[in-house]
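Structure record follows, encoded as structure tokens.
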Amino acid sequence: MAKISDLSAHPMKKVRVSGRDIALVHVGEQYYAFDNTCTHKGGPLAKGELSGETVTCPWHGGMFDVRTGDLLHPPPVERLRTYPVRITGEDIEIEFTD
Amino acid sequence: MSKTPTFVILGSSTAGAFAAVTLRKEGFAGRVILIGEEKEIPYARPPLSKQYLQRERERERLHLWPNEFYSERKIELRLGARARRVIPREKEIEMENGERLRFDHLLIATGMAPRRLALPGSDLPNIFYLRTLEDSDRIAEACQPGSRAVIIGGGFIGMEVAASLRQKQVDVAVIHRDKVALERAIGIEAGRILTEYHRQEGVNFYPEAEASEIEGNGRAERLHLRSGHSVECDNVIVGIGATPRIETLEGSGIETNNGILVDEFCRTNIEGISAAGDVAHFRHPRIHGRIHVEHWDNARLHGIAAANNMLGRHIPYSPVPFFWSDQFDVNIQYAGFPLEWSKSVHRGSTEEQSFSAFMLGGNKLVAGVCFNRWKDRRVCEKLLSQDATVDPAKLRDEEFDLEGFL
Ligand SMILES: Cc1cc2nc3c(=O)[nH]c(=O)nc-3n(C[C@H](O)[C@H](O)[C@H](O)COP(=O)(O)OP(=O)(O)OC[C@H]3O[C@@H](n4cnc5c(N)ncnc54)[C@H](O)[C@@H]3O)c2cc1C
């Protein structure tokens with residue numbers, strides 16, 4: 001999927017997994033994965049701002065909690081889909097349930 | 001209060017659902033019952049006039065949480081169930097089917113209903129209102145490409161529906177009372193610019209106009225204006241404002257004045273009864289008197305605040321009101337108070353659809369309307385939450401980076 005070193009220079013990165021754009025972020029000791037596409041108008045979240053556990057969409061400023069996908073500021077009203085992340089050695093693995 | 005208290009929430013939309021979820025998140029162990037007359041699990045309304053009306057968003061995506069989320073948290077959903085009356089003296093709600101529900105604390109989050117037209121012909125079948133998912137489905141079904149829709153009202157609902165239908169190749173005319181659409185919500189200048197975008201996309205406007213009659217043979221075919229003009233149509237959509245749903249409170253002793261009166265802790269005048277969202281008029285620590293906000297994020301945050309206060313946290317609710325709208329390629333974001341302002345300054349370019357208008361009272365910001373400039377909105381929120389003074393020249397000067405205020 002991705003390597004831990006991929007997130008060392010910039011804590012947020014878009015990866016393409018099974019035809020999906022996923023944003024990977026590194027916050028403190030933790031890694032989180034969520035849809036890269038903002039639920040409002042599809043803005044690319046990994047190009048936005050990361051502050052603590054909050055990601056802000058570069059297009060219209062929608063905000064989400066990267067841990068849960070909870071909405072923190074509209075214009076999006078729909079939650080963000082998040083994915084469990086597993087670290088195996090140097091590898092970051094994302095689990096899809098479907 | 002009994003040993004395992006029962007908290008009942010009346011109204012299963014944004015304010016009610018966020019309150020229920022917050023009660024559990026904050027560790028409330030009693031019963032949580034969420035009552036709503038709509039059958040759908042709680043969903044967000046904003047897409048109903050936008051992506052959902054354009055048939056570009058699936059129904060499930062509107063749900064605030066999936067169905068199992070509520071059962072996992074033991075939030076009891078009573079959907080398709082309408083309350084008839086609230087009886088504070090007995091701490092009970094009487095349901096339409098005669099059932100009585102006892103509560104230890106009640107949160108009223110019944111929102112608003114569209115104001116109805118009262119004209120000759122108002123009862124014709126192809127006249128639509130927009131509040132619920134079903135309303136949006138009906139409008140999308142009726143307004144096929146190439147058909148003609150007349151929209152009565154130049155507020156947010158009217159303008160968003162106009163933009164959505166136009167993008168579906170529907171012929172659209174908007175009839176409204178003021179000089180320009182959205183004049184009351186965002187000011188005459190911003191309203192004028194937005195109207196111009198709509199015109200460029202082919203929407204027709206009848207400003208300073210009032211409908212007098214809707215005529216047709218079994219269905220609305222023609223709208224007559226007081227001016228004597230008439231407009232031919234296949235469908236009529238009405239967006240002339242909304243009224244608070246307080247019909248269950250008659251005779252209850254709960255204070256209302258075109259909405260339920262609450263303090264900054266979401267409490268009504270009656271112990272153990274709170275209100276939140278569109279239906280509530282709340283005391284704001286920053287403002288003399290009460291304010292009333294009919295926007296989505298207020299419903300969300302007010303619901304969360306009400307839940308915390310029901311748990312005895314005593315946290316005053318003092319938001320910087322915020323709303324947004326999407327029409328064609330324009331994203332409008334507004335942050336600020338519904339107060340008097342004495343001057344306005346502008347930043348950016350209207351031709352490039354990227355500008356902000358800041359309203360000031362003295363040397364303080366009162367509100368900001370931002371077209372395709374959410375970062376300016378973020379600055380407004382910051383300045384407003386700090387009640388900071390600003391130099392209008394800096395707001396106007398594109399060379400000055402407003403993010404410096406953050
Ligand atoms: C089409 C549309 C588009 C919108 N777009 C935007 C936008 O872009 N930006 C924005 O900021 N805001 C927008 N809004 C406003 C926003 O949706 C509302 O502010 C928000 O829905 C208010 O939430 P609420 O929970 O307070 O009330 P409501 O959403 O009105 O919900 C109240 C619920 O209570 C139920 N109820 C009422 N009485 C009873 C009873 N006696 N028994 C049982 N149930 C009852 C109702 O059926 C309803 O489900 C839009 C609204 C609409 C209709």
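Small disclaimer: the values here were computed from a predicted structure and weren't measured. A, B, ... follow the sequence lines: proteins, then strands. Residue 1 opens every chain.
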Toward chain A, the part of [X] with a non-hydrogen atom under 4.5 Å:
X: Glu60(B); result: neither
X: Phe322(B); result: side chain
X: Arg378(B); result: side chain
X: Arg373(B); result: neither

**Asked** Would you call Asp278(B) and Arg45(B) a salt bridge, using N to O less than 4.0 angstrom?
**Response**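 So Asp278(B) does not pair with Arg45(B) through a salt bridge.
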**Asked** Do Lys375(B) and Glu403(B) sit within salt-bridge range, that is, some charged N less than 4.0 Å from a carboxylate O?
**Response**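 Looking at Lys375(B) and Glu403(B), the cut-off is not met.
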**Request:** Identify whether NZ of Lys or CZ of Arg in Arg55(B) sits under 6.0 Å from the centre of the six-membered ring of Tyr52(B) and within 45° of that ring's axis.
**Result:**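 That pair qualifies as a cation-pi contact.
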**Message:** Can you see whether Tyr83(A) has Arg20(A) sitting over its ring - NZ or CZ less than 6.0 Å from the centre and within 45° of the normal?
**Reply:**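 Pair Arg20(A)/Tyr83(A) does not count as cation-pi.
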**Message:** So if I apply the side chain to side chain donor-acceptor pair (under 3.5 Å) rule between Ser49(B) and each of Gln54(B), Glu160(B), Gln327(B), which one comes out positive?
**Reply:**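 Exactly one option meets the side chain to side chain donor-acceptor pair (under 3.5 Å) with Ser49(B), and it is Glu160(B).
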**Message:** Applying the side chain to side chain donor-acceptor pair (under 3.5 Å) criterion to Glu78(A), which one of Gln51(B), His63(B), Arg57(B) satisfies it?
**Reply:**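 Only one option passes, and that is Arg57(B).
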**Prompt:** Using 30° and 60° as the class limits, which term best fits the ring planes of His346(B) and Phe355(B): parallel, tilted or perpendicular?
**Reply:**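 His346(B) and Phe355(B): tilted rings.
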**Asked** Using the ring of each side chain (for Trp, its six-membered ring), is Tyr31(A) parallel, tilted or perpendicular to His26(A), with breaks at 30° and 60°?
**Response**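 Taking His26(A) first and then Tyr31(A), their aromatic rings lie parallel (interplane angle under 30°).
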**Request:** Identify the residues of residues 36-53 of chain A whose heavy atoms come closer than 4.5 Å to a heavy atom of chain B, ordered by number, or report 'none'.
**Result:**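 So the qualifying residues are Thr39(A), His40(A), Lys41(A), Glu49(A).
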**Asked** Who wins among Leu62(B), Asp326(B), Leu64(B) for the most heavy-atom pairs under 4.5 Å with chain A?
**Response**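 With the most close heavy-atom pairs to chain A, the winner is Asp326(B).
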